[in-house]
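Take a look at the structure below.
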Amino acid sequence: MITVENLIKSYRSNRVLHGIDHAQERGEAVFLIGPSGCGKSTFLRCLNQLEIADAGRITIDGVSVEGGRPPRNGEERERQRQLRLRAGMVFQSFNLFPHLTALENITLSPQVVHGLAPAEAEARARALLARVGLAAKADAYPGQLSGGQQQRVAIARALAMEPRVMLFDEPTSALDPELRDEVLQVMRGLAEDGMTMIVVTHEMQFARDMATRVLFFDAGRVAESGPPEQIFSAPQLDRTREFLKRSATVGGR
Amino acid sequence: MSSLPAVGRRASLLLACLLPIFTDTVSRAETNDPLAVIRARGELLWGADAEGGAPYVYPDPEHPENLIGFEYDLADALAARMGVKARMVQNQWEQLIPALDRGNFDIILNGLEITPENQQHITLSRPYYVYAQQIVVRRDTGGLARMADLVGRPVGVLASSAAQRLLQRAPGVDLRIYPGNVESLRDLKARRIEAALLDLPIALHYAKPDPALKLSGTPFAPGYYGIGVRRADTNLLAELNRQIAALAADHTLEQIYRKYGLWDERQADLGNYHAQTVQKQAAISTIREWRKYLPPLLWGAVTTVELSVLAMLVAVAAGLVVVLVRLYAPPPFSWLARAYVEVVRGTPLLIQLFLIYYGLPEIGIKFNAFAAAVLGLGLNYAASEAENYRAGLQAIPRGQTEAALALGMTRAQTLRRVLIPQAVRLVIPPVTNDFIAMFKDSSIVSVITMVELTKVYGMLAMSTYDYIGLGLMTAAIYFLLSYPASLGAAWLERRLAQNDHR
């Protein structure tokens with residue numbers, strides 16, 4: 001489903017990804033944990049081509065993109081777009097379109113990108129809003145919604161494009177503790193429905209409950225990986241242990 | 001407390017040092033003895049416009065750093081007789097009388113016609129030259145030899161000249177008013193006008209040697225040039241009159257005029273001049289006759305509104321193209337767009353208008369004055385709108401673009417569906433402000449013969465000399481038109497703020 005081979009990324013002289021390899025099956029929920037600046041968000045953004053890797057190859061559901069440089073011709077740009085269409089992205093800061101209602105946020109790209117008829121797009125959007133528990137907020141603007149509600153709309157917006165994999169980039173980090181659960185609840189539902197997902201998070205308990213596999217990122221490398229019981233209960237590396245201990249003391253983040 | 005007077009003294013000292021910066025060059029101390037002031041200074045300051053000023057006063061073609069001209073020689077001769085040196089003070093021709101009134105120089109010596117209009121605010125000396133009006137046409141034009149022949153045809157004149165006054169009173173002439181003599185002859189050759197009516201010395205100097213032009217018919221409507229002096233400066237006037245008579249008597253005038261090819265039999269008439277009493281127009285008199293003066297002003301306002309609305313449409317559309325190319329097109333194009341913005345912002349609008357209207361015809365692109373004005377203003381403001389848009393687009397958080405791209409939209413779709421709709425809200429206030437600014441700035445297009453509100457004001461003020469009354473009416477019209485636009489902008493801003501649910 002997802003294959004990443006030797007992904008390398010630097011910002012100027014600072015190398016943030018040192019050749020990441022990763023393979024993931026359909027239906028797997030992979031959680032990326034690690035200290036700030038370890039490269040886990042960059043990895044996620046490379047998957048969705050918001051960052052262009054310096055080298056390496058990314059394949060999602062049969063569509064491959066090589067790192068090295070931004071797409072230069074129409075064919076390369078189209079391949080990049082196809083890759084993006086296979087991966088839905090949820091951002092830390094939601095990034096809803098403030099000039100559109102919740103419903104319009106969700107119907108926009110199916111209409112613009114897939115040419116879906118407005119009525120069909122709306123029906124799909126209303127179903128998705130119901131799924132994230134916000135059927136009543138269809139006509140609200142993002143500014144009228146709480147952070148948790150905005151993030152749920154953002155998840156519905158990504159799902160409307162029917163991606164093969166959902167990428168979550170610290171989806172609850174910008175939320176007050178009491179608003180996190182409603183978002184985690186929606187993600188739990190997705191995982192239970194068998195959605196393939198990659199989640200960058202500081203929610204250790206959630207990772208432990210939901211992950212099929214956990215990758216511990218450290219200094220641009222996958223330092224340790226395995227099933228959650230192993231990583232959280234019997235980590236192999238001192239660094240992993242230290243990180244988990246520190247996370248526990250700052251309130252489970 | 002005790003230091004307060006010291007502070008006061010220091011402040012007034014500072015003020016005394018600064019004052020000369022803010023006041024005009026010639027002190028208008030209430031001496032009533034300008035002659036003494038001039039002699040003490042050792043210089044006679046004379047105001048004139050050397051720009052396109054041949055043969056009156058102009059840069060020597062051989063040595064452009066030196067000025068020459070029959071009035072330059074005359075000023076030297078006059079000053080020599082008064083025992084001082086002459087120094088020319090450059091001043092835009094149309095504004096010479098207000099500048100003299102403000103005290104920028106002692107006298108005006110620059111083809112000032114002895115007319116009642118010119119004597120409303122200042123006094124004129126006895127004449128030093130007899131001019132006449134000369135029709136100039138293209139070499140291939142037949143007829144057009146008399147005033148009556150000009151009816152119904154586009155005719156160019158110099159702003160505020162005797163020719164403008166003459167034709168303003170002749171109904172049916174399509175009058176085009178130019179900021180300089182060179183421009184009207186250039187437009188004559190570019191076939192924008194059929195004829196130009198000029199003071200004879202100008203026609204002799206500029207048109208006669210030009211193979212594309214010819215003088216048509218005999219000169220008519222003779223008049224006198226006199227030296228302009230402030231009303232209060234009576235002893236200076238007497239001195240000037242005495243010296244002019246002396247220069248005529250000893251044939252100095254004749255020598256100077258012969259040197260420039262300007263001597264003719266009319267000059268014999270100089271001695272026969274008898275000053276006439278001038279009826280003085282009361283200030284603010286036109287307001288009482290507003291029924292007469294308001295309609296032409298309103299017609300000028302219609303042109304101003306048409307011009308600024310069309311120019312703003314050009315600016316809004318062209319600005320969008322420029323900013324999109326600058327931000328999203330590949331390098332050679334984005335550099336061009338950036339260069340466009342920098343060059344247009346970094347050069348005066350006046351120069352741009354001159355280039356479009358007077359320059360482009362030389363490479364075969366000829367716009368009429370209205371089109372040139374709309375294009376000039378529009379393309380100038382396009383640079384400013386492009387910068388407004390750029391600020392608006394760049395104020396939108398990066399996450400918006402990322403979210404749209406992540407959803408599979410192309411760059412163009414992202415721009416159209418996500419970025420531009422948000423930028424519009426941010427950009428409306430500065431763009432409406434620009435519109436109001438352009439509305440007022442549009443008066444500059446009078447330099448390319450557009451007759452809009454400010455120009456109508458200038459023309460009416462020139463013939464009535466009521467700058468105050470007409471100025472108040474004109475300002476009121478500008479204000480009544482621009483204030484609703486300000487209110488509209490404020491309303492729009494409030495509405496957008498309400499709709500913005502961020």
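Scope of the values below: all heavy atoms of this structure, side chains included, with no hydrogens, waters or symmetry mates.
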Would you say Gln400(B) and Pro98(A) make side-chain contact, with heavy atoms under 4.5 Å? yes
Just so I know, are the side chains of Leu108(A) and Met409(B) near enough to count as touching, which here means a heavy-atom distance under 4.5 Å?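 Result yes, sub-4.5 Å side-chain heavy-atom pair found.
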Taking all atoms of both residues into account, what is the closest heavy-atom pair of [X] and [Y], and its distance?
X         : Y         : answer
Arg84(A)  : Leu405(B) : CD-O, 3.3 Å
Ala403(B) : Phe97(A)  : CB-CE2, 4.1 Å
Pro421(B) : His99(A)  : CB-CD2, 3.5 Å

Go through the atoms of [X] and report whether side chain, backbone, both or neither lie under 4.5 Å from a heavy atom of chain B.
X         : value
Arg45(A)  : side chain
Ser109(A) : both
Ala140(A) : neither
Leu96(A)  : backbone

I'd like to know whether [atom1] of [X] has more than 12 heavy-atom contacts from other residues, nucleotides or ligands below 6.0 angstrom.
X         : atom1 : answer
Tyr328(B) : OH    : yes
Arg72(A)  : CZ    : no
Arg79(A)  : CZ    : yes
Lys137(A) : NZ    : no

Relative to chain A, which of Arg398(B), Arg411(B), Arg417(B), Arg416(B) shows the most heavy atom pairs under 4.5 Å? Arg417(B)
What is the distance from atom CE of Met89(A) to atom CG of Leu407(B), rounded to the nearest 0.5 Å?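 Rounded to the nearest 0.5 Å, the CE-CG separation comes to 11.0 Å.
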Working to the nearest 0.5 angstrom, can you tell me the gap between Gln80(A) CD and Thr410(B) OG1? 11.5 Å
